[in-house]
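Per chain, numbering begins at 1; letters A, B, ... match sequence-line order. Scope of the values below: all heavy atoms of this structure, side chains included, with no hydrogens, waters or symmetry mates.
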Amino acid sequence: MRKIRTRFAPSPSGYLHVGGARTALFNWLYAQHTQGSFILRIEDTDQARSTDESVRAIFEGLEWLGIQWDEGPFYQSQRSEIYAEHIDKLISTGNAYYCTCTPDEIEAMREKARAKGEKPRYDGTCRNKELGPQTGAVVRFKAPQSANTILDDVVKGSIVFANNELDDFVIRRSDGMPTYNLAVVVDDVTMNINTVLRGDDHVMNTPKQILIYQALGHELPVFAHVPMVLGDDRTRLSKRHGATSVTAYRDMGLLPDAFVNYLARLGWSYGDQEFFTRQELIEKFTLERIGKSAGIFDPVKMQALNADHIQAAAPEVIAPHVKPFLQESGYNTDDETYLKALIPTLQPRSKTLREMAEQAHFYYRPELEYDEKAVKKFLKPAIVEPLKALKENLSSLTSFDEKKLETVFVNLMEKFEIKLGKIAQPVRVALTGTSVSPGIFEIIAVLGKKKVLQRLEKAIELIQAR
RNA sequence: GGUCCCAUCGUCUAGGGGUCUAGGACGCCGGCCUCUCACGCCGGUAACGGGGGUUCGAAUCCCCCUGGGAUCACCA
């Protein structure tokens, strides 16, 4: 079997958005699955809208997603000679011709057609003029006016287009730059792309492209048009639906693997399975399992999946991803051992890495910030003696493990005849400043003797000062 | 408006003629567990858009309607 070659070909006119990310992901997954190649190509033939900043944003997004390309990036803006060559070939074989009609004349044609109730299109004025090259002229593709063009799509099935719906579309602009439809085909042909996997907003372009493939005498690639990603109002996902840039999701605290998992399951499925590791995705991703209806992007479900990934990941995997959020608050995260010890205490209670960092404040803050209500409710004079006893018992321990800590607490409970809940909450407030935190034994073990004793003392002083 | 695509719980989906009194996940509502908050566990809520066919039998096949989406550039 021939080697699969897929590509992602974004136009650099903005950041990498959710829909583009999913297209990139599918292409990458499929190439990985088949041990083929994934090519990155930047479609920057639109000088006016393309920016270097957008190119960087796309790289940044792909990097975060963990998607590497095997070849490229190739820039269309640097391939002018290749397009010129192919356009010349189309002209010399009679498949394309020069056209000197002005934009105003074209507009007039369209108006006229609309007035007659027909569809606006180019009327073929220059079609048989046999015009030669001249400045200001465009090149048009001579589209067949009869019969059908059939697109055999892997996800959509067979789609028939009547050729008389097409007009002679421009393939080279008056400034000499090729238009999209010409450039994609020439690129895909010369780069030996044999699997074109893209958003289904490209379906209507496909017959034109098929015609170009045929005029060039080239074999067609396999086409797979993936349904759109919609916003909650069922229209194409855009800024007004909230964040659409993939880096925005990084900044919200998504784990890249979780985001990738969510994106993959939006429009693709594998039985009832919801949770996939990156490796599982590669193993199981096939074109046949791509669904044919559009899907609505659901941030809530995405976050739930993120929580699952956070829980399943090893602390050392999470550490580098949560660090930036900790540093945002000004904390020093050089102590890797400490970081890796506290992460497990927060894993089951964090839906995002940002949440995790927020809940980690008490682990890092040199001076606790006390919650008024919690202090008032739990740090009462009656608890001073138990706290003192706890302090004393803990200071005699050489190491903190949960078993030993439990024994200490059991002894305290017996001595003062109180339930665990009665002593745990005050201790929690003393150690974290709030009444909500990971398990009491866990946080004592992670904080370590020094911090624990200091904070207990501070709490005792606080009570006595009132 | 022309052309094209799509149509199962609120959402993502399983399902490809009988095993569907339609399954899973998120959400939501109860309960259990419990040192707080979570996690976890148990249970519940909720869907085949409508109408015609085909068939002994349709969520599954065909047609129409309705609804939604995409696209109609010298943008990609």
Chi angles and distances behind the ring-ring contact (aromatic ring centres under 6.0 Å, His included) call for A:Phe285, A:Phe26: CA-CA 8 Å; A:Phe285 188 84; A:Phe26 280 17; 5.0 Å; yes
Evaluate the side-chain contact (heavy atoms from CB on, under 4.5 Å) criterion for residues A:Met302 and A:Phe297: first the C-alpha distance (whole Å), next the side-chain angles of each, then the deciding distance (0.1 Å), finally the verdict. CA-CA 8 Å; A:Met302 178 185 69; A:Phe297 184 80; 3.7 Å; yes
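In this structure, A:Phe259 and A:Tyr249 have parallel ring planes: the angle between them is below the 30° cut-off, well short of the 60° mark.
Take A:Asp201 and apply the salt bridge (charged side-chain N to carboxylate O under 4.0 Å, His left out) test, not counting sequence neighbours, and it matches A:Arg236. In this structure A:Lys458 satisfies the salt bridge (charged side-chain N to carboxylate O under 4.0 Å, His left out) test together with A:Glu367, sequence neighbours excluded. The salt bridge (charged side-chain N to carboxylate O under 4.0 Å, His left out) search around A:Lys156 returns A:Asp200, not counting sequence neighbours. Every residue meeting the side chain to side chain contact (heavy atoms under 4.5 Å, CB included) condition with A:Asp233, not counting sequence neighbours, appears here in chain and number order: A:Thr235, A:Arg240, A:His241. Every residue two or more places apart in sequence or in another chain that forms a side-chain hydrogen bond (donor to acceptor under 3.5 Å, both in side chains) with A:Ser77 is listed here: A:Asp44. A:Glu81 meets the salt bridge (charged side-chain N to carboxylate O under 4.0 Å, His left out) test with no other residue; sequence neighbours excluded.
With a 3.5 Å ceiling on both atom-pair distances, B:rA22 lacks any Watson-Crick or G-U wobble partner. When both distances must be under 3.5 Å, the Watson-Crick or G-U wobble mate of B:rU3 is B:rA70. Under the Watson-Crick or G-U wobble criterion, with both distances below 3.5 Å, B:rC37 has no partner in any strand shown. Base pairing annotation: B:rU60 forms no Watson-Crick or G-U wobble pair, as no partner gives both donor-acceptor distances under 3.5 Å. Across the strands present, B:rU55 finds no partner; the criterion is a Watson-Crick or G-U wobble pair with both atom distances under 3.5 angstrom.
Formation of a donor-acceptor pair under 3.5 Å by the A:Asp308 side chain with backbone atoms of A:Phe275 is not found in this model.
Within the structure, salt bridge (Lys or Arg N to Asp or Glu O under 4.0 Å) contacts touching residues 262-275 of chain A (residues at least two apart or in different chains) are A:Arg265-A:Glu274, A:Glu274-A:Lys301.
Remark: P of B:rA76 and CZ of A:Arg198 are 14 Å apart, rounded to the nearest angstrom. Between the C1' atom of B:rC4 and the CG atom of A:Asn163 lies a distance of 14 Å, rounded to the nearest Å. Going from atom CG of A:Leu230 over to atom C1' of B:rG10 covers 15 Å, rounded to whole Å. One atom, CE of A:Met228, and another, P of B:rC12, lie 15 Å apart when rounded to the nearest Å. Atom CG of A:Asp200 is separated from atom P of B:rA70 by 9 Å (rounded to the nearest Å). The nearest whole Å value for the distance from the NE2 atom in A:His225 to the C1' atom in B:rA76 is 13 Å.
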With a 3.5 Å cut-off and sequence neighbours excluded, list the donor-acceptor pairs that the side chains of residues 434-449 of chain A form with protein atoms.
| from | atom 1 | to | atom 2 | distance (Å) |
| --- | --- | --- | --- | --- |
| A:Thr434 | OG1 | A:Val436 | N | 3.2 |
| A:Thr434 | OG1 | A:Val436 | O | 2.9 |
| A:Ser437 | OG | A:Arg428 | NE | 2.8 |
| A:Glu442 | OE1 | A:Gly439 | N | 2.9 |
| A:Lys449 | NZ | A:Ser395 | O | 2.8 |
| A:Lys449 | NZ | A:Leu397 | O | 2.7 |

Using a 4.0 Å cut-off on protein heavy atoms (strictly under), produce a 5'-to-3' string for nucleotides 13-22 of chain B with B for base contact, S for backbone-only sugar-phosphate contact, and - for none. SS--------
Where along nucleotides 61-67 of chain B does protein come under 4.0 Å, by heavy atom, of base (B) or sugar-phosphate alone (S), with - for untouched nucleotides? -------
Generate the contact string for nucleotides 30-51 of chain B. Rules: B means base contact, S means sugar-phosphate contact only, - means no protein heavy atom under 4.0 Å. -----BBBBS------------
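Counting any heavy atom pair closer than 4.0 Å across all strands shown, A:Pro227 reaches no nucleic acid atom. Among the heavy atoms of the strands, none lies under 4.0 Å from A:Arg172. Among the heavy atoms of the strands lying under 4.0 Å from A:Thr235 are primed sugar atoms or P, OP1, OP2 only; no base atom is included. Within the 4.0 angstrom heavy-atom criterion, only backbone atoms of the sugar-phosphate kind lie near A:Val300; the bases stay farther away.
Comparing A:Glu165 and A:Ser174 by the nucleotide of RNA chain B that holds the closest heavy atom to each, the one mapping nearer the 5' end is A:Glu165. Nearest-nucleotide positions on RNA chain B for A:Ala162 and A:Lys208 put A:Ala162 closer to the 5' end.
The six-membered or imidazole ring of A:Phe74 lies away from that of A:Trp69, with a centre-to-centre distance of 6.0 Å or more. Ring centroids of A:Phe38 and A:Tyr30 are separated by 6.0 Å or more, keeping the two rings apart.
Taken residue by residue, residues 178-186 of chain A places heavy atoms nearer than 4.0 Å to RNA chain B at A:Thr179, A:Tyr180.
Contact of A:Lys156 with B:rC5 (side chain to base): no donor-acceptor pair of N or O atoms is detected under 3.5 Å. Counting atom types as modelled, A:Asn205 pairs a side-chain N or O with a base atom of B:rA76 as donor and acceptor under 3.5 Å. With hydrogens and angles ignored, no donor-acceptor pair under 3.5 angstrom links the side chain of A:Lys292 to the base of B:rA7.
With no hydrogens or angles considered, no side-chain donor-acceptor pair links A:Tyr262 and A:His309 at under 3.5 Å.
Spacing of P atoms, B:rG27 relative to B:rC39, comes out at 9 Å, to the nearest Å.
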